[in-house]
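Along the sequence shown, residues are numbered consecutively beginning with 1. Counting starts at 1 for both ligands and their atoms, in listed order.
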Amino acid sequence: MRRAVILGTGAYLPQRVMENADFEKMLETNHQWIVERTGIERRHIAAEGELTSDLATQAGKQALENAEVSPDDIDLVIVATTTPDDTMPATAVKVQHKLGMMRGAAFDVNAACSGFVYAMTVANSFIVSGQAKRVLVIGAETYSRILDWTDRTTCILFGDGAAALVLEAQEQPGTSNDRGILFAGIHSDGQYTHLLNTTGGVSSTMTAGKLYMAGKEIFRHAVIKMPEAVEEGMRALGLPASAVDWLVPHQANMRILNGVAQKLHVSEDKVISTVAGHANTSAASIPLALHAGSRDGRIKKGQLLACPALGAGLTWGCFIARW
Ligand code: UT7
């Protein structure tokens with residue numbers, strides 16, 4: 001059967017690094033609290049004038065190089081983002097142009113912190129159905145632009161960044177030993193919009209608004225729904241959770257990552273985490289972690305990866321792929 005195989009990854013982080021200690025000058029907080037409660041040590045912040053499409057283009061370019069694929073070999077660009085350059089057009093269309101692509105299609109997906117799982121699910125459908133041969137999937141965010149920098153309960157948690165994967169249609173035997181995406185499942189429940197949102201938007205206030213989060217409640221949902229999403233996928237594949245070589249969850253908080261691993265009885269040394277260095281980069285966090293894990297040699301060809309996420313909506317889901 002046709003599978004969406006991961007050919008290469010790329011990543012881009014803005015140059016400016018903001019340390020936890022930098023917040024001590026602005027807010028009543030400290031490095032120790034942030035590290036103990038979140039595992040976050042620092043984050044990257046986009047420069048003035050540096051846009052989500054700029055971050056996405058850099059990450060996309062590197063993914064194409066690593067995949068040894070030219071821009072014109074790509075049929076579809078999907079950018080998962082909640083922080084687009086503009087209300088329209090889609091950031092993906094700007095990325096398509098900046099990459100020098102003269103063909104194909106491009107659109108954005110907005111599922112907040114679950115954005116990359118949603119985008120991979122859509123990309124997988126395009127590939128399995130035969131509608132696209134190669135898809136560039138990018139997660140790119142500039143959350144620094146929608147943070148309330150006076151709210152210590154949220155602004156310390158997020159960072160900017162982008163990362164990308166190139167997917168290619170390849171014929172595989174059709175078993176759980178195949179390479180590529182083996183499962184992709186997404187969920188949402190709109191009764192929880194009030195737990196994580198922006199204080200405005202195009203139609204409601206004609207502004208982008210600032211991020212609001214009921215952290216404790218979101219935490220609780222994350223440690224229940226992310227393991228469930230992995231279990232759903234592993235059940236569909238007829239495999240036990242112990243078959244997972246690497247758990248690569250959305251990177252919101254180290255305590256959430258450890259909680260998810262614990263529930264799945266996956267040991268913490270099988271969790272790939274970049275939260276210390278990047279903080280929560282929303283839709284960019286899973287591909288940033290995949291890129292880090294593959295470039296440093298931890299993730300090897302043939303290994304099984306489970307990538308769950310939960311974000312505003314609520315939205316949640318998981319994709320499972322063999323590298
Ligand atoms: O990507 C999906 C979206 N995001 C997430 O998944 C994040 C989910 N939530 C979390 O990660 C955690 O709930 C937080 C990191 C946001 C908060 O951690 P917590 O352990 O749930 O702390 P808390 O909200 O119970 O706050 C404990 C105390 C409070 O003080 P009091 O009421 O006990 O006096 C807070 O006011 O810590 C205080 N606090 C801070 N202190 C120093 C909250 N933020 C800070 C801060 N520095 N930055």
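- Among Phe219, Trp316, Trp33, the residue whose heavy atom sits closest to atom 37 (O) of ligand 1 is Trp33.
- Distances below 4.0 Å separate heavy atoms of Gly215 from the following atoms of ligand 1: 8 (C), 9 (N), 13 (O).
- With hydrogens and angles disregarded, no donor-acceptor distance shorter than 3.5 Å links the side chain of Ser294 to the backbone of Ile299.
- Taking distance alone, with nitrogen or oxygen atoms compared against 3.5 Å, Ile34 stays at or beyond that limit from ligand 1.
- Looking at ligand 1, you won't find any N or O of Asn30 less than 3.5 Å from one of its N or O atoms.
- Considering all non-hydrogen atoms of both residues, Thr142 and Ala46 come closest at CG2-CB, 4.0 Å.
- Listed by atom number, the atoms of ligand 1 under 4.0 Å from Asn253 heavy atoms are 10 (C), 11 (O), 12 (C), 15 (C).
- For ligand 1, the atoms sitting less than 4.0 Å from at least one non-hydrogen atom of His250 are 1 (O), 2 (C), numbered in the order shown with element in parentheses.
- The distance from ligand 1 to the heavy atoms of Ala252 drops below 4.0 Å at these ligand atoms: 1 (O), 5 (C), 6 (O).
- Residue contact check for ligand 1: Thr38 places a non-hydrogen atom closer than 4.0 Å to it.
- Other residues, nucleotides and ligands place more than 12 heavy atoms under 6.0 Å from the CD atom of Glu171.
- Numbered from 1 in the order shown, with element, the atoms of ligand 1 that lie under 4.0 Å from a heavy atom of Ile256 read 6 (O), 8 (C).
- Here the protein heavy atom with the shortest distance to atom 38 (C) of ligand 1 is Arg152 NH2, 3.7 Å.
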Should Asp269 and Ser267 be marked as a side-chain hydrogen bond (donor to acceptor under 3.5 Å, both in side chains) after you check the CA-CA gap, both sets of side-chain angles, and the distance that decides it? CA-CA 5 Å; Asp269 58 6; Ser267 74; 2.4 Å; yes
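- From the protein, the heavy atom lying nearest to atom 46 (C) of ligand 1 is Thr29 OG1, 3.3 Å.
- Atoms of ligand 1 lying under 4.0 Å from at least one heavy atom of Cys113, given by number and element, are 1 (O), 2 (C).
- Atom 34 (O) of ligand 1 is not flagged as protein-proximal [any protein heavy atom, distance under 4.0 Å].
- Side-chain contact between Met213 and Thr153 is absent, with no heavy-atom pair separated by less than 4.5 Å.
- Here Leu196 has side-chain heavy atoms under 4.0 Å from ligand 1, and that is the only part of it that gets that close.
- Contact annotation: for Leu310 versus ligand 1, heavy atoms closer than 4.0 Å belong to the backbone alone.
- Put simply, the side chain of Gln251 reaches to within 4.5 Å of the side chain of Leu257, judged on heavy atoms.
- Under 4.0 Å from ligand 1, the heavy atoms of Asn280 that appear belong solely to its side chain.
- Contact atoms of ligand 1 toward Arg255: 18 (O), 20 (O) (distance under 4.0 Å to a heavy atom of the residue).
- The backbone N or O of Ile45 lies less than 3.5 Å from no partner atom in the side chain of Arg16, so there is not a single donor-acceptor pair.
- The distance from ligand 1 to the heavy atoms of Met213 drops below 4.0 Å at these ligand atoms: 3 (C), 4 (N), 5 (C), 7 (C).
- Within the 4.0 Å cut-off (strictly below), no protein heavy atom is located near atom 29 (C) of ligand 1.
- Checked against Met101 for a side-chain contact (heavy atoms from CB on, under 4.5 Å), the options Val77, Asp75, Leu64 give a single hit: Val77.
- Within 4.0 Å of atom 21 (O) of ligand 1, at least one protein heavy atom is present.
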As a quick check of understanding, evaluate side-chain contact (heavy atoms from CB on, under 4.5 Å) for Leu13 and Leu288, giving each step before the final call. CA-CA 9 Å; Leu13 291 158; Leu288 276 168; 4.1 Å; yes
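- Residue-level proximity to ligand 1 for Ile156 is carried by the side chain, the only part with a heavy atom below 4.0 angstrom.
- For the ring-ring contact (aromatic ring centres under 6.0 Å, His included) with His187, the qualifying choice from Trp316, Tyr118, Tyr192 is Trp316, the only one to do so.
- Contact annotation: the side chain of Trp323 never approaches that of Asp245 to less than 4.5 Å [non-hydrogen atoms, C-beta and beyond].
- Of the inter-residue distances, the one linking Glu19 atom CD with Ile40 atom CD1 reads 12.5 Å to the nearest 0.5 angstrom.
- Counting only heavy atoms of the protein, atom 27 (C) of ligand 1 lies nearest to Arg37 NH2, 3.4 Å.
- Of the options Thr52, Asn280, Thr83, a side-chain hydrogen bond (donor to acceptor under 3.5 Å, both in side chains) to Glu141 is made by Thr83 and by none of the others.
- Side chain of Arg134 to main chain of Asp72: no donor-acceptor pair is present (N/O by atom type, distance under 3.5 Å, no hydrogens or angles).
- Looking only at heavy atoms of the protein, atom 23 (P) of ligand 1 is closest to Lys216 NZ, 3.8 Å.
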